[in-house]
Amino acid sequence: METEDELIMDNKYVMSPKDMCVVEFLQEILDAGAAVLKIEGRGRTAEYVKTVTGVYKEAVNAWRDDSYNREMFPQWLERLSTVFNRGFWRG
């Protein structure tokens, strides 16, 4: 059913060819009550899955023990950029 509703966005793409990366604002996602994160690994190498899940596990653990902070971002982003990377997008 068509409506007259309009999607207004600040950029011109609904989906991006870049890899979504939320590690820099993961705290807000977890603070909002998210209990599950889906990490897309289908069709990716084992190294990709290991690196991405490892970085996000560290970030979640840092959030849990209240040590999550901006100083950790460059190291996490660097590690993430070493595996199949088409550039990052914040969603």
key: With D66 via side-chain hydrogen bond (donor to acceptor under 3.5 Å, both in side chains) - residues at least two apart   = none
ask   = If we only count heavy atoms from C-beta on, is the E58 to V55 side-chain gap below 4.5 Å?
value = no
inquiry  = Measuring only between side-chain heavy atoms, which start at C-beta, is L77 closer than 4.5 Å to E24?
reply    = yes
query = Distance from L80 atom CG to Y48 atom OH, nearest 0.5 Å?
reply = 8.0 Å
ask   = For residues 27-41, which residue pairs qualify under salt bridge (charged side-chain N to carboxylate O under 4.0 Å, His left out), counting only residues two or more places apart or in two chains?
value = K38-E40, E40-R42
request  = Please identify each residue that fulfils side-chain hydrogen bond (donor to acceptor under 3.5 Å, both in side chains) with Q27, with sequence neighbours left out.
outcome  = none
message = Please report whether the ring centroid of F73 lies less than 6.0 Å from that of Y68.
response = yes
Validation row: T45, V83 side chains within 4.5 angstrom (heavy atoms) = no
message = Going by ring-ring contact (aromatic ring centres under 6.0 Å, His included), name the residues that satisfy it together with Y56, two or more places apart in sequence or in a different chain.
response = none
request  = To the nearest 0.5 Å, tell me how far L30 CG sits from F25 CZ.
outcome  = 11.0 Å
ask   = Is the shortest heavy-atom distance from the side chain of L37 to the side chain of V22 under 4.5 Å?
value = no
